[in-house]
Amino acid sequence: MRLSQILISTLRDDPADAEIPSHRLLARAGFIVKIAAGVYTFAPLMWRVVKKFAEIVRQELDREGANEVMLPIIQPKELWVASGRWDRYVTDGIMFTLKDRKGSEMCLGPTHEEVMTTFVNAQVNSYKQLPVNCYQIQDKFRDEIRPRFGLMRGREFIMMDAYSFDCDVPALDVAYQKMRNAYCRIFERCGVAYTVVQADSGAIGGAGSEEFMVIADSGEDSILFCRESGYAANVEKAVSKLPAAPAGGEPKALEKHSTPDVRTVAQLEAFFPGWEASRMAKTVLYHVTWKAKTKVVAVMMRGDLEINEVKLANSLDAMTVRMATDDEIKAATGAETGFAGPVGLRDDVPLLADESLQGSTNLLTGCNEGGFHCLNVNLGRDCRMPSFKELRMARKGEGCPVSGKPLEQARGIEVGHIFKLGIKYSKAMGATFMDQAGKPVPFVMGCYGIGVSRTPAAAVEQSFDDKGIVWPASIAPFECVVAVLDNKRDEQNVLAEKLYAELRAAGVDVCLDDRPMSPGAKFKDHELMGMPVQVFVGRKAPEGGVEFLVRKGMQKSECAASEVKAKVLAVLGR
RNA sequence: CGGGGCGUGGCUCAGCUUGGUAGAGCGUUGCGUUCGGGACGCAAAGGUCGGAGGUUCAAAUCCUCUCGCCCCGACCA
């Protein structure tokens, strides 16, 4: 390709609305152009990047026997009602919905479990046709609460979504592992450093899931990991060895103390010298929403630990949880905020406690009376016995659940997510096949996603410098550019054309920069756009000399035109 | 949705406090000179100051409403 024929428009200034490096650089290099919040046009060079990444995804999925299909973006409401997800997605406001001329409700697909399950159910009737794995690469639509960071979180974005259908759980495990392997090859090939972490299943639901994370400071996810054991998990999912707390000893007599204006754990530590936070049990009131009801629930946690709201929602099988407001707390406990506790808690407020409190004695808690706290509270004696759950937020520095070594923390960008769904959707939607015994059995499903527009952005996030983008060669818009520095000089044009033809013949994805621009402007442009290998044909052209630049590291050298092909291939590892 | 910030030629911004006939740089167009680090000179085009209403002799500037965008929290590829 000749750059004079490609629509390229780099900006001299950073765009005002871009914050993180990938957004800033992709916008400045003219790769993406915003059309609305979270909605972008992909300019020619960006589209080349996306297509290259998509091709890697296709190759690796096809190697595992997956079928590429194309599902409709517009989906009828009925499908979502059948799976039971319409209400939740509409309530959350995540789904773009519309009505057709007859008034029938439709949505723009935020994900495709429903459509794919319907499709495969119609095609597959027998266990003999299994396993099946279908995927598509397509735009997804989600009315995100907060689109941000350019391509990182868009309202329209490109996603690869795959769905596996198997006859039983062991077969699902095989399908899952195949996809996991494919994912590893995909992210290795596109040159990003990534980590696989255990994850919460979230709104998609299902048994187990892992996320593929690109480690970057701008990542929206927090992960905990251990170099020793290889354990890694999203903080939402992570567990750790429980930090020790002093023993409470034999149960003592309950004491009630006046604690005016003492509300927080820190204030209590100051008020009761000798009582460490780990001997306290804080009680946090949560407003919990299920499909058909809402309720305020009391959650107890050891004073030095934090509640993990994802774990809380999961343990309650709730749609959403949020901390109760001051008014809700007063209505539920009768006391103002800061004095809630298990003692004297109304019977209609469910009481949960983290496992860290199991077996603890002589705790310090609130007692639902403004200005008072209790000492030596013993669960089951002075109050109801709570139902114990694993609700604790694991934190860095705490022991790895496998090795016991301190956990480390990092930020990550979720570029892929794989789930074992089980029969959640197939059962809800009545998607079955005939098993060997001739009985209808629901498909055992898995689903798998890759952010096809997000991954290149994540790659930029990991690979840039003060001059611009440094594309990994496998997803760069071009592997190599041959640039004419003064295109009024024939000897430069002739030599550049020759090199361009030679590199193309050698199978290099090369472009010729024949634009009539000053040399300085071309240098800046290619640094910004991040072409991996750059060959400049300039004043040494009459003697057959050119300049050779490897973008990563900015190593610049001069060489003879005759050496260019070999040098380019060497840099590209071919 | 809650909190904070911002909307002025294509882009980055100044002007607003203290109302008085819209500015700069970059980019764009033309001509000429250049041609190795976003070249230089000259000339030119381009803006209902996000929108609506109000106050005023007079509004980019003050007031009200509204729309859009960005950042921090709950969502996810």
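First the proteins, then the strands, lettered A, B, ... as listed; each starts at 1.
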Q: Give A:Met160 one of three labels, base, sugar-phosphate or nothing, depending on what nucleic acid heavy atoms sit under 4.0 Å from its own.
A: nothing
(Q) Under 3.5 Å, is there any donor-acceptor pair linking the side chain of A:Arg153 to the base of B:rC75? (A) yes
Q: Compare side-chain N and O positions of A:Arg322 against OP1 and OP2 of B:rA74 and report whether any pair is under 4.0 Å apart.
A: no
Q: Would you kindly say whether A:Tyr286 and A:Glu309 are connected by a side-chain donor-acceptor distance under 3.5 Å?
A: yes
Q) Please give, in whole Å, the distance from B:rG2 C1' to A:Met323 CE? A) 14 Å
Q. Closer than 4.0 Å, any side-chain N/O of A:Ser518 to the OP1 or OP2 of B:rG38?
A. no
Q: Check whether any side-chain nitrogen or oxygen of A:Arg148 sits under 4.0 Å from OP1 or OP2 of B:rC76, and answer yes or no.
A: no
Q: Please assess A:Leu352 against A:Leu316 for the test side chain to side chain contact (heavy atoms under 4.5 Å, CB included), listing each intermediate value before the final yes or no.
A: CA-CA 10 Å; A:Leu352 263 60; A:Leu316 291 166; 3.8 Å; yes
Q: Tell me whether the OP1 or OP2 atom of B:rC70 has a side-chain N or O from A:Arg146 closer than 4.0 Å.
A: no
Q: Scan A:Glu547 against the nucleic acid and name what it touches under 4.0 Å (heavy atoms): base, sugar-phosphate only, or nothing.
A: base
Q | pi-stack flag for A:Phe536 and B:rG36, centroid dist under 5.5 Å, interplanar under 30° | A | no
(Q) Tell me whether A:Gln462 contacts the main-chain N or O of A:Ile215 through its side chain, where contact means a donor paired with an acceptor under 3.5 Å. (A) yes
Q: Go through the structure and list residues passing ring-ring contact (aromatic ring centres under 6.0 Å, His included) with A:Tyr500, not counting sequence neighbours.
A: none
Please list, for nucleotides 10-14 of chain B, all pairs of protein and nucleotide N/O atoms separated by less than 3.5 Å.
from	atom 1	to	atom 2	distance (Å)
B:rU12	OP1	A:Ala16	N	3.0
B:rU12	O4'	A:Asp13	OD2	3.4

Q.
Which label fits A:Phe141 and A:Phe96: parallel for a plane angle under 30°, tilted from 30 to 60°, or perpendicular past 60°?
A. perpendicular
Q. When only distance counts, do a donor and an acceptor, one from the side chain of A:Asn487 and one from the base of B:rC35, lie under 3.5 Å apart?
A. no
